[in-house]
Amino acid sequence: MEIKYIKEHTLKPNEIERYGRQLITPDIGVSGQMSLCNASVLIVGAGGLGCPVALYLSSAGVGTLGLVDYDTVEISNLHRQIGHRESSKGISKAVSLAKTISELNSLVKINTYETTFTSDTAMEIIKDYDIVVDASDNVATRYLVNDACVLTGKPLVSGSALKWEGQVTVYNYNNGPCYRCIFPTPPPVETVTKCSDGGVLGPIVGVIGSLQALETIKILTNNKEGVLSGRLLIYDGMSAVFRTVRIRGRQSGCNVCGDKPTVTQLIDYTQFCRSDYSESAG
Amino acid sequence: MEIKYIKEHTLKPNEIERYGRQLITPDIGVSGQMSLCNASVLIVGAGGLGCPVALYLSSAGVGTLGLVDYDTVEISNLHRQIGHRESSKGISKAVSLAKTISELNSLVKINTYETTFTSDTAMEIIKDYDIVVDASDNVATRYLVNDACVLTGKPLVSGSALKWEGQVTVYNYNNGPCYRCIFPTPPPVETVTKCSDGGVLGPIVGVIGSLQALETIKILTNNKEGVLSGRLLIYDGMSAVFRTVRIRGRQSGCNVCGDKPTVTQLIDYTQFCRSDYSESAG
Amino acid sequence: MKVKIELSGGLELLFDKKKVHEIEFADKNEIPLKDLILYMRDNLLKERSELFVVDDTVRPGILVLINDADWELFGGISYNVEDKDTIIFISTLHGG
Amino acid sequence: MKVKIELSGGLELLFDKKKVHEIEFADKNEIPLKDLILYMRDNLLKERSELFVVDDTVRPGILVLINDADWELFGGISYNVEDKDTIIFISTLHGG
Ligand SMILES: [Zn+2]
Ligand SMILES: [Zn+2]
């Protein structure tokens, strides 16, 4: 690397070598790389979205990654979950994904949580992280992750996918809205289609997970203006059309992030949503 | 799987198990999965774009994948090239990526070409494939891949990326334009920025490579209307904005795909573009 | 007046699998959004209206966009739809 | 007349790193695209004009879009730019 990139920093020579092509990117720079190396990100879900998120955040050099997933790898996951392998069949998804990313970047510290993210486990896990990525696959977990982020003051990078479509936005960032601001009431159970019922394509979660990784990097490197807060990205893979739309800001009447919140600690989200913290296997 | 999905097909039980969540996706179905399993795709470049393309096409069950790359894995690649590992340092990128995807899906047949894709090697390699994915990193290769696809009548799924931006389109498909229809003259050498000079972020190639994999799947499953032919997708990762724009159709005056082509066999593209078939390492 | 309606996130399955619907109201210059939603329920919906409308508005989990922006920025259900508006109904996704 | 100009693919680096430029021509209703490009070269370009214009048109490797469609669909360099048009100049990328 040229000398102009390496004055006054705390990056080690092996980090300069590894991240050189990244830290010369405009608006990253040495200071951005140092922020990434010092950051910690919790990824809730080690499935279709969690795999590309973990692969790209580990390769970018995020210092500490936490991976939460109660589930184990099945062969039927592998058409879209590219961070696992056939040889991991039957073992924990969090452990399987951790193994893959540690072989990609051994400089990253990885914490695995082979547990369901619930009202009982969430706060203890989340407290050690700067940012949370929602890569889960069900409604109850999405409300839980949101409320835990609001209660602990952490930005939430949210992605979701089904069939040929995906959606991405950032909640609870820079005084922007939270998930409940947009969706105060859970959807009727009968309107929710699971990936195990509707199917989903690997490249769709690949696009959405990569976008989640990029938003996380933008937040960590303080590229505030570009962050997808107060905007929702909608992707239709079949027609190859993306739309970035403006959504409402933080709602003063929101039950969790509003001026007079009624939700001041985690509740029972399976009851609130009338559904489980898990999809059926898929 | 329910019985309605498994009547009259040639998929084996282990394929049904593995691809079940994919083949229930609308507009894929059993017939789409059979098309994928019987297809062959050549990926030119096993770097930033080639990694997600190969990971998602292998996991989706494309029957035969060809990987072309003359280069070897370096640690400075790993911030964005998620299909390689630290332990592959110094070995061929084509072989390294083949190892990763074979551990993800052992049902896929993989051919590796540890060579530079040139006027001398291209036709012999390309002839065995249905579709070509351009995941290369330089101008000369892009003209070469285009002309080889036109001369052999194969669709070309093209992606490119630099810094925070990316572009995707499909050439030579369904009577649509080829690369030369849009760019008849190579750019002046001094206007071309390489990833090794300008930098590039992992999630950017993740998004673009995933999009290339999806276009390939759409072509193979005969979802013609949605294919990005005659349209160009432009992505600005910093502002999180995508644009899908209409581009010109096939040009009757095009030197290679036009009515009176002057290019009827491969030429010397390093001379034509006044640049090499390789970036410097990065 | 003409209105363009787009459906995504699986909502199109309720509307004959068509993602885009163009509607013309020959006798009107504007129409309350609530009336448009009830019109869609009564004329375009092919099945199970409770998956689209509950209590005379869209059911929870559907985001409504008026010309590419959240309807809450325009008064929500009390907005008056004008000629050439595009109204998008998106069912939020939860999978991953 | 007002014209919106957008630059991408690195071209913005030649134009003071600004991706969007709004230009007003108070005395005109339309302007030939060629004149607009030369105006940009002479008034907006901060450095090395040969990276943008060669032989009085954009250099090879730049794609020009008129209101989100390829300029070749509108006659290319001979198009007349109208009030409120958006002209996008994209440098094609080659990396990966
Ligand atoms: Zn809120
Ligand atoms: Zn052509």
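So that the names make sense, note that chain A is the first sequence line, chain B the second, and so on, each numbered from 1.
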Worksheet item: Given that the side chain runs from C-beta out, which part of C/I66 has a heavy atom under 4.5 Å from chain A: side chain, backbone, both or neither?
Response: neither
Discussion item. Please classify the contact of C/L73 with chain A as side chain, backbone, both or neither, using a heavy-atom distance under 4.5 Å.
Written reply: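 Contact with chain A is through the side chain of C/L73 alone.
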Shortest non-hydrogen contact from [X] toward [Y]:
X      : Y      : value
A/P188 : C/P60  : CD-O, 3.6 Å
A/D137 : C/G96  : CB-N, 3.8 Å
C/L93  : A/S160 : O-OG, 3.0 Å

Can you confirm whether more than 12 heavy atoms, excluding those of [X], are under 6.0 Å from its [atom1] atom?
X      : atom1 : value
A/Q271 : CD    : no
A/E225 : CD    : no
C/D27  : CG    : yes
C/N43  : CG    : yes
C/K34  : NZ    : no

Worksheet item: For C/S91, what residues pass the side chain to side chain donor-acceptor pair (under 3.5 Å) criterion, not counting sequence neighbours?
Response: C/R59
Would a 4.5 Å heavy-atom cut-off, applied to side chains only, mark [X] and [Y] as touching?
X      : Y     : answer
A/P187 : C/H94 : yes
A/R142 : C/T92 : no
A/T191 : C/I62 : no

Fill in: A/D236 CG to C/E6 CD distance, which is reported to the nearest 0.5 Å
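Output value for this atom pair is 10.0 Å.
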Item to complete: Identify which part of A/P186 has an atom lying under 4.5 Å from any heavy atom of chain C, answering side chain, backbone, both or neither.
Response: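 It is the backbone, since no side chain atom gets that close.
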Worksheet item: Of the backbone (N, CA, C, O) and the side chain (C-beta and beyond), which part of A/Y179 lies under 4.5 Å from a heavy atom of chain C, both, or neither?
Response: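 Answer is side chain: those atoms of A/Y179 sit under 4.5 Å from chain C.
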Practice prompt. Please report the C-alpha distance between A/L232 and C/L65 in whole Å, then the side-chain angles of each, then the deciding distance to 0.1 Å, and finally whether the side chain to side chain contact (heavy atoms under 4.5 Å, CB included) criterion is met.
Written response: CA-CA 11 Å; A/L232 172 68; C/L65 303 174; over 6 Å; no
Discussion item. Counting heavy-atom pairs under 4.5 Å with chain C, which one of A/T141, A/L162, A/I204, A/V139 comes out on top?
Written reply: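 Of the options given, most contacts go to A/V139.
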Discussion item. Please rank A/G50, A/G45, A/S136, A/S158 by heavy-atom pairs under 4.5 Å with chain C and give me the top one.
Written reply: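 When all of A/G50, A/G45, A/S136, A/S158 are compared, A/S136 has the most.
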Practice prompt. Go through C/I90, C/L11, C/L63, C/D68 and name the one with the most non-hydrogen pairs under 4.5 angstrom from chain A.
Written response: C/D68
